[in-house]
Amino acid sequence: MSDTTYEVPYFQEKYGHLFSEMDAILNVLHEGVCISNADGVILKMNPMYERLCGLPPEALLGKKVSFLNSKEGVFDEAEPHADRVEQKKGIFMGAVSPVILKSKRPASSVQQTSGGRKNLLHGYPVLNADGEVELVVTFIRDISHLTLFKEQIEYHKHIFQTFWSNVQHGAREVTAPDAVVVESPAMKQVMSQARKVAATDATVLILGDTGVGKGEVARYIHGQSDRSGSTFFCADCTSIPENLIESELFGYARGAFSGARREGKPGYFDIAAGGTIFLDEIGELSLNVQAKLLRVLQDQEIMQVGSLKPKKIDTRIIAATNVNLEEAVAKGTFRQDLYYRLQVSVLDIPPLKERREDIEPLARYFLERYNLKYRKQFYFSDDVVPVLLRHGWAGNVRELQNMIQGIVITLDKNVIEPEDFPRLLPKGAAHASESYVPVKGQGGKSLKEIMAEIEYDILKKAMETCHSTEKVAEMFRVNRTTVSRKLKAGKKQGPTDS
């Protein structure tokens, strides 16, 4: 008998009485089971253990676990066999048997096999009458299933919370006609189209930059449709993990894969049955999922993961994206046939900078909303609105909303002033009021002369930032000739002491 291989018949004879009635039980277990003795020699294993290790019984039986374990983690690239084991390169890393033999206590470990699989091990000692380890029983499970379950649980928790929030607050806050604030001609045209589309059951594609309010328009369409009494479900295509997106959208059938729920799982289309599903950022979907979505649009049926039978659905689809789909089609990242299918009813929402008539009413709407939410009583000073109108709003309505919310949460006074929006003010103008420092006596100057110097200082710094008398006049809401006149007068008097 070599140092690494022990005669299997010898152990079969010695421990045979223990295993004679056990094979039938071990063979039906979903977990892998390995039994070794006090010397760490493998005596018995079930078929699942062989499958998870990737080796036949002859490569494992009669071998010491410590010999099969690779401390350095060096594995053969070739298919592992018994002769490969003799090269002492190991077939797995992370055995628990050696630890249990020393501690006489249960132990757990994550094992990595030479094939790249990761397994979770739980080992337990079987003690004899003297308290010594007689056998070690190790249970093994594919950890990739546990990782997938954890991802699914966390993601489903997030989806449930979002969905419940939509059920409780979404319809009440957003689907009401006055919830979409519209004053600009451009948005009035969009909402006019939305009302016409809502009266039908057509698929809708909403285009627009990030934060322009695509979701609010989608909710409005649902709220004005015959489906308003049913579910509106928002599915953000960018937030669903790539390996889960198909099963999340379409669900999976009973027994679709190892570890699947026995009764299967409904998808988002099932949840939104009879109502509306809003596919936000549809341009981010993979080509494979796009193909399945095309079938939904064409045949009004879905194919669940693991199912061979299509399932009819009654769900309206509203999609949205900030991606230029024509360019995506040209690049081959978006299916042309799906693009044409989505072109039934298209709403293009302009950015906030192109509909400035909406800025003030939106700001006041958000202020009222967060005053109610946080039980505050803030209001804008007369100088705030011009500052809001001058800003470019690259983040669109979402940027405006978040900014108002932040001010309501953090501000200590009731009146909101322009300086409470430091990011919106020109750098020079933001501190212009601090440019004057009173000096005792003021050199005999009158108040009128002092005020003229302060005005000149403010206007000069604003000119350095805006580079135009027209923009400075718009900033301070005065005539452009007034700005020019005061700058010329101040220049004649010479530089100030500030």
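Sequential numbering from 1 along the given sequence is applied to the chain's residues. What you see is a predicted model, and the numbers here were worked out from it, not measured in a lab.
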(request) Mind jotting down which residue pairs meet the salt bridge (charged side-chain N to carboxylate O under 4.0 Å, His left out) criterion with at least one end in residues 391-407? Sequence neighbours excluded, please. (result)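 Qualifying pairs: Glu399-Arg423.
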
(request) May I have all residue pairs that pass salt bridge (charged side-chain N to carboxylate O under 4.0 Å, His left out) and include part of residues 323-332, sequence neighbours excluded? (result)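 Of all non-adjacent pairs touching residues 323-332, none passes salt bridge (charged side-chain N to carboxylate O under 4.0 Å, His left out).
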
side-chain contact (heavy atoms from CB on, under 4.5 Å) partners for [X], two or more places apart:
X      : value
Lys376 : Asn371, Tyr374, Phe378, Val408
Ala186 : Ser184, Pro350
Asp226 : none

(request) Output all residues satisfying ring pair (Phe, Tyr, Trp, His ring centres under 6.0 Å) with Phe278, sequence neighbours left out; order by chain, then residue number. (result)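 With sequence neighbours excluded, Phe278 shows a ring pair (Phe, Tyr, Trp, His ring centres under 6.0 Å) to no residue whatsoever.
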
(request) State which residues pass ring pair (Phe, Tyr, Trp, His ring centres under 6.0 Å) with Phe334; sequence neighbours excluded, sorted by chain then number. (result)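 Partners of Phe334 under the ring pair (Phe, Tyr, Trp, His ring centres under 6.0 Å) test: none.
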
Please identify each residue that fulfils side-chain hydrogen bond (donor to acceptor under 3.5 Å, both in side chains) with [X], with sequence neighbours left out.
X      : answer
Glu246 : Lys292
Tyr340 : Gln336
Asp314 : Arg227

(request) Quick one: list whatever passes salt bridge (Lys or Arg N to Asp or Glu O under 4.0 Å) with Arg195, sequence neighbours left out. (result)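 For Arg195 there are no salt bridge (Lys or Arg N to Asp or Glu O under 4.0 Å) partners, ignoring immediate neighbours.
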
Would you be so kind as to tabulate the donor-acceptor pairs closer than 3.5 Å made by side chains of residues 202-212, with sequence neighbours excluded?
{"residue": "Thr210", "atom": "OG1", "partner": "Asn322", "partner atom": "ND2", "Å": "2.6"}

